[in-house]
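Reckoned from all heavy atoms, side chains included, excluding hydrogens, waters and symmetry mates. To find a chain, count down the sequence lines: A is the first, B the second, and so on, and within it residues start at 1.
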Amino acid sequence: MTIEEQLRFLKRNTTHIVDEQELLDKLKSGKKLRIKLGVDPTASHVTLGWAVVFRKLRDFQRLGHQACLIIGNFTAQIGDPSGKSKTRPQLTTEQVKEYADSVLDQIFKILDKDKTEVYFNGEWLDNMKLADFIRLASKVTVARILERDDFKNRLKEEKPISLHEIIYPMCQAYDSVELKADVELGGNDQLFNNLLGRTLMTQFSMEGQSVMLCPLLVGTDGKEKMSQSLGNYIGITEEPNEMFGKAMSIPDDIIINWMELTTDISPEEIEKYKTALEKNEINPRDAKLYLAKSLVSVYHGSEAGEKAEQYFIDTFSARKGPTDVEEVTLPGSCLTENGVDIVSLLLELKFADSRGSAKRLIQSGAVSIEGNKITDLYTQENIKDKVLKVGKHRFCKLVAH
RNA sequence: GGGGAGUUGCCCGAGCGGCCAAUGGGAGCAGACUGUAAAUCUGCCGGCGGAAGCCUACGUAGGUUCGAAUCCUUCACUCCCCA
């Protein structure tokens, strides 16, 4: 690839590059660039949303540049206010540690582990002296920070802004100084934070990092940004069938966007789907099936993609019920003299949160065995080795111990 | 430091002494329908109980009252204005 081709390749799925010419020059220099990507371990799963940026980092990695991953174990405890209309809950050190382990585990499904430098920003932020910290703080003005929409809006809406939130961007910016980053990647909501890093670096007599931002992936609800706390996410380690099903639930108008951001489908092919959809030459469902299959293939291989598609078609389109169902041992606690206590069973299998909700599920006709709806709230006979179905998509086969 | 407003279920937000487990909206769950887990319509939506009922809940702790989410006091937290 020529340098120009490389740039074009890197520019795919980005929203901002500051500054493009500067980045081109850096690429031309032939230097192995240090590409920074910081993530705060505030949740246990790596979602497809995060994956968009990780995949971009991997692109750089494939071009021979140095991936520098920062796990924000310090900043996670402050809480990034970006795009938030309220203060994040403060996480404990233990929680952050737990999330960090979990996240690191998953990230290397995308990145090449051997070619990634991993840092924890607690390494330098934990031990910073207050005097140094204040000197750092003198480089940033309050007005600059309050320019940010999320702060401005909260101020206007009379919602609280705590001092620690104002400090957040500075800490993240300082990471770039420590890392001597050439380029920082981030989600679209990180523009302010990343630019602050760029500015701060020059104050430390370094060349400022270039900034490259990726679009935020819309969640499965088609409205909000994908996030674990909103529950509209798909985790990259989720089971194929789960992943497939969730992908099928997205609204039609984000199909193309998801193809671009979450799969390895080529730009040319995506373009074909796009025009076909616009001209109504294709059923959106089929485009979505292809999307879902491609998505599963990215994380589980193409064979798993095929299987998940088949499972989906069998289970939901043809309403046949799944072909191979997870087998679950009947818990002894649910057995009664006459058979099985269904309410306890639903509770035991975590299909319901309480006995009351289990009863409600049964009463609303959501529970069936081998296709026969259950109407009796209580004991059921002969349910061993049969398929229990709860709602539209939860199945299991009951096996006696 | 002074003055004012506020804190209700997962979220937003009514209620201002009994009819309040608490209106309404959103989210969620389920049913029907559908190419789809979309849209729409319907039902459910604190816990325990086959039911009667009981328990827990309206920031915290007390108090007034036969009876409080609703009145009084305390404390905590948030916001606004002034200094």
Please report the shortest heavy-atom distance between [X] and [Y], naming the atom on each side.
X      : Y      : result
A:N232 : A:S227 : OD1-N, 2.9 Å
A:C171 : A:L125 : CB-CD1, 4.0 Å
A:L33  : A:H65  : N-ND1, 3.0 Å

Quantified in whole Å, what is the [atom1] atom distance between nucleotide [N] and nucleotide [M]?
N      : M      : atom1 : value
B:rU60 : B:rC72 : C1'   : 16 Å
B:rC77 : B:rC10 : P     : 23 Å
B:rA57 : B:rA51 : P     : 24 Å
B:rG67 : B:rG49 : C1'   : 26 Å
B:rC66 : B:rC58 : C1'   : 22 Å
B:rA39 : B:rA22 : P     : 29 Å
B:rG62 : B:rG53 : C1'   : 30 Å
B:rG13 : B:rU64 : P     : 34 Å

Within the structure, does a side-chain N or O atom of [X] lie under 4.0 Å from either OP1 or OP2 of [N]?
X      : N      : value
A:K359 : B:rC44 : no
A:S354 : B:rC48 : yes
A:R360 : B:rG47 : yes
A:R285 : B:rA38 : no

> How would you label the contact of A:K246 with the nucleic acid (heavy atoms, under 4.0 Å): base, sugar-phosphate, or nothing?
Replying inline: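 No contact.
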>> Students often get this wrong, so: under 4.0 angstrom with heavy atoms, is A:G365 touching a base, only sugar-phosphate, or nothing?
In response: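 Here A:G365 touches the backbone only, sparing every base.
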Starting at atom [atom1] of [X], determine the distance to atom [atom2] of [N], rounded to an integer number of angstrom.
X      : N      : atom1 : atom2 : value
A:D253 : B:rU36 : CG    : P     : 18 Å
A:R154 : B:rU78 : CZ    : C1'   : 13 Å
A:I282 : B:rU36 : CD1   : P     : 16 Å
A:L291 : B:rG35 : CG    : C1'   : 15 Å
A:K373 : B:rA30 : NZ    : P     : 13 Å
A:D221 : B:rC29 : CG    : P     : 12 Å
A:D353 : B:rA30 : CG    : C1'   : 14 Å
A:L295 : B:rA37 : CG    : P     : 18 Å

> Does RNA chain B take part in any stems of at least 3 consecutive Watson-Crick or G-U pairs (both distances under 3.5 Å), and if so, which ones?
Replying inline: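 Stem segments, range with range: B:1-7 with B:76-82, B:10-12 with B:24-26, B:28-32 with B:40-44, B:46-48 with B:53-55, B:61-63 with B:71-73.
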> In this structure, which one of A:E309, A:K288, A:M243 forms a side-chain contact (heavy atoms from CB on, under 4.5 Å) with A:M248?
Replying inline: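 Running side-chain contact (heavy atoms from CB on, under 4.5 Å) over A:E309, A:K288, A:M243 with A:M248 returns exactly one hit, A:K288.
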> Pick from A:I35, A:T14, A:L37: which one makes a side-chain contact (heavy atoms from CB on, under 4.5 Å) with A:K56?
Replying inline: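 So, applying the side-chain contact (heavy atoms from CB on, under 4.5 Å) to A:K56 and each of A:I35, A:T14, A:L37, only A:T14 qualifies.
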>> Of the listed nucleotides (B:rG35, B:rA37, B:rC29), which one gets closest to any side-chain atom of A:R394?
In response: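 Out of B:rG35, B:rA37, B:rC29, the nucleotide with an atom closest to A:R394's side chain is B:rC29.
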> Picking from B:rA30, B:rG35, B:rA37, which would you name as closest to the side chain of A:S249?
Replying inline: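 The listed nucleotide nearest to A:S249's side chain is B:rA37.
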> Starting at the 5' end of RNA chain B and moving along, which residue's nearest nucleotide shows up first, A:G356 or A:S364?
Replying inline: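 Of the two residues, A:S364 wins.
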> Pick the nucleotide of RNA chain B nearest each of A:K288 and A:S357; which residue has the one closer to the 5' end?
Replying inline: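 The answer here is A:K288.
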>> Is a donor from one side chain sitting under 3.5 angstrom from an acceptor on the other, for A:Q172 and A:Q190?
In response: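 A donor-acceptor contact under 3.5 Å links the two side chains.
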>> Do A:E269 and A:Y290 pair up side chain to side chain, a donor and an acceptor below 3.5 Å, judged on atom types alone?
In response: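 A:E269 vs A:Y290: donor-acceptor pair found between side chains.
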>> Consider side chain to side chain donor-acceptor pair (under 3.5 Å). Of A:K31, A:K26, A:Q66, which one does A:D182 pass it with?
In response: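 Looking at A:K31, A:K26, A:Q66, the match for A:D182 under the side chain to side chain donor-acceptor pair (under 3.5 Å) is A:K31.
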> Do A:D252 side-chain and B:rG35 base share a donor-acceptor contact under 3.5 Å?
Replying inline: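 Check passes, donor-acceptor contact within cut-off.
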> Going from CG on A:L196 to CE on A:M201, what distance comes out if it is rounded to the nearest 0.5 angstrom?
Replying inline: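 Between A:L196 CG and A:M201 CE, I get 12.0 Å after rounding to 0.5 Å.
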